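Residue numbers start at 1 and run along the sequence shown. All figures in this text were calculated on a predicted structure; none of them were measured in a lab.
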Amino acid sequence: MAKVGMAGIGLMGHGIASNLVKHGHELTVLEHPGNQPLDALKAAGATSCADGATLAARSDVIILCVTGSPQVEAVLLSPGGVLEGLRPGAVVIDCSTAIPSSTQKVAQAVTDKGGRFLDAPMTRTPKEAAEGRLNLLVGGDAALFAECRPLLACFAENISHAGPIGAGHRMKLLHNYVSLGVIALLSEAAACALRADIDPAVFADVLGKGGGGGVALERLKPYLLEQDPSSLKFFMSNAEKDLSYYNTMAQETGAARDIGQAVLDTYAQAVKQGGGERYVPELVSLLQEGATR
């Protein structure tokens, strides 16, 4: 079994860590105020440490599951960070959502220190993370991907090799743009429906039987019908961050992004209205409240 170090024991990371321990891997986690409680992990055999260099010195594989590119760079590159303790041949697997140009930079830094790198961002929710049923989109060398796949399978159900380093993060941004974009579209329509005195149940039923059916509508329905946002535990501030990363990627590649910018603006306005720590399904209410601005 591998000696695994992990930074980022948040809502998603805690599920990953739990499944690694469940499958018998020796786990060390990086202490951080943003972590979920570590009691259950420690009771199951995990240990913790205070800095990235110590984490890396104890580990064959280091998994990052932090907020975004600034945090990835800080964990890896800061004084006392992972690179200072990285063992020759050790593997860094970045499961965060990141800007691909930053991914290329940190991957090169890992390689220069004698390590190896995969970007392996996730889709799905904390529920699937706890169940070991995440989707992973992996960028990196095909042989390294094959080597690491059994470890990834401890916490992922569907594992796709997207291409070379950076391809995983590019595909994740494309996925989240489409997913969050469809939710924004449906949320704006739902907010209009409420103002137009259309029953939310009728709205959901008609769209579900027609062109609006799909995963996004199913995730919105509990909020539309019961004001329950827990079907998509993803903060509005994280949606804004992911869409800003998508727009950065589109700009850097010279791609069209008029719609992408509009979707980003929608979530940015929701955050500005005080919705940063509210879940994405609540965008319906924020759009309804802010419609006369």
Side-chain angles (χ1 to χ4, degrees), residues 1-32 34-49 52 54-67 72 75-76 82 86-87 89-98 103 107 110 115-163 165 167-169 171-172 175 233-234:
M1 293 294 176
K3 294 181 178 180
V4 182
M6 192 166 172
I9 313 299
L11 289 173
M12 300 292 281
H14 196 280
I16 292 173
S18 298
N19 280 288
L20 289 169
V21 171
K22 187 185 299 182
H23 282 82
H25 295 289
E26 185 178 325
L27 180 68
T28 304
V29 300
L30 183 65
E31 295 167 5
H32 189 275
N35 285 345
Q36 293 290 299
L38 301 179
D39 298 353
L41 290 174
K42 289 184 175 181
T47 59
S48 65
C49 65
T54 302
L55 185 78
R58 295 182 183 179
S59 306
D60 305 313
V61 179
I62 300 96
I63 296 175
L64 309 180
C65 188
V66 296
T67 305
V72 171
V75 169
L76 288 175
V82 165
L86 194 69
R87 297 176 178 182
V91 182
V92 175
I93 302 176
D94 183 13
C95 292
S96 316
T97 300
T103 302
V110 168
R116 299 176 293 165
F117 185 92
L118 293 175
D119 48 295
M122 311 162 283
T123 68
R124 292 189 167 171
T125 71
K127 178 179 181 291
E128 286 84 19
E131 295 169 348
R133 297 179 49 248
L134 290 171
N135 294 337
L136 294 181
L137 313 170
V138 185
D141 176 75
L144 180 58
F145 168 70
E147 178 185 330
C148 293
R149 186 174 184 127
L151 178 68
L152 300 176
C154 292
F155 56 89
E157 181 177 40
N158 300 303
I159 306 170
S160 301
H161 187 218
I165 287 172
H169 280 144
M171 191 62 237
K172 170 64 183 292
H175 172 276
K233 292 183 177 179
F234 194 68

Any side-chain heavy atom of Thr67 within less than 4.5 Å of one from Ser96? no
Donor-acceptor pair, distance only, cut-off 3.5 Å: does the side chain of Asn35 make one with the backbone of Leu30? yes
For a side chain to side chain contact (heavy atoms under 4.5 Å, CB included) check, start with the C-alpha distance between His25 and Val61, then their side-chain angles and the critical distance, and finish with the verdict. CA-CA 11 Å; His25 295 289; Val61 179; over 6 Å; no
Could you tell me whether the side chain of His32 and the main chain of Gly34 form a donor-acceptor pair under 3.5 Å? yes
Roughly how far apart are Ile62 CD1 and Phe117 CZ, rounded to 0.5 Å? 11.0 Å
For the student: nearest non-hydrogen atoms of Asp119 and Ala167, plus distance: OD2-N, 3.7 Å
In this structure, NZ of Lys22 is separated from SG of Cys154 (nearest 0.5 Å) by 10.5 Å
Non-hydrogen atoms of Asn19 and Gly132 that approach each other most closely: ND2-N, 3.4 Å
For the side chain of Arg116 and the backbone of Val91, is there at least one donor-acceptor N/O pair under 3.5 Å apart? no
Assess, by modelled atom type and distance only, whether the side chains of His169 and Thr103 contain a donor and an acceptor separated by less than 3.5 Å. yes
Atom pair CG (Leu11) and CD1 (Ile16), whose distance is rounded to the nearest 0.5 Å: 11.5 Å
Nearest heavy-atom neighbours spanning Gly13 and Met6: O-CE, 3.3 Å
Exam field: side chain Lys172 to backbone Met122, donor-acceptor pair closer than 3.5 Å: yes
Quick check: does any side chain N or O of His14 sit under 3.5 Å from a backbone N or O of Pro37, one acting as donor and the other as acceptor? yes
Side chain Arg124, main chain Arg133, donor-acceptor under 3.5 Å: yes
The test is side chain to side chain contact (heavy atoms under 4.5 Å, CB included); show your working for Phe234 and Thr125 and say whether it passes. CA-CA 8 Å; Phe234 194 68; Thr125 71; over 6 Å; no
Please check if the side chain of Thr28 supplies one atom and the backbone of Leu55 the other of a donor-acceptor pair under 3.5 Å. no
Nearest 0.5 Å please: distance from the CD1 atom of Ile93 over to the CG atom of Leu118. 5.5 Å
Measure across Pro121 and Gly168 and return the closest heavy-atom pair with its distance rounded to 0.1 Å. CG-O, 3.2 Å
Value rounded to 0.5 Å, distance of CG in Leu41 from CD in Gln36: 10.0 Å
If I compare all heavy atoms of Met12 with all of Ala129, which pair ends up nearest, and what's the gap? O-CB, 3.7 Å
Roughly how far, to the nearest 0.5 Å, is the NE2 atom of His23 from the CG atom of Leu151? 10.0 Å
His175 vs Asn135 side-chain heavy atoms within contact, under 4.5 Å: no
For a quick test of reading the model, state the closest non-hydrogen atom pair linking Leu86 to Gly115 and the distance between them. CD2-CA, 3.8 Å
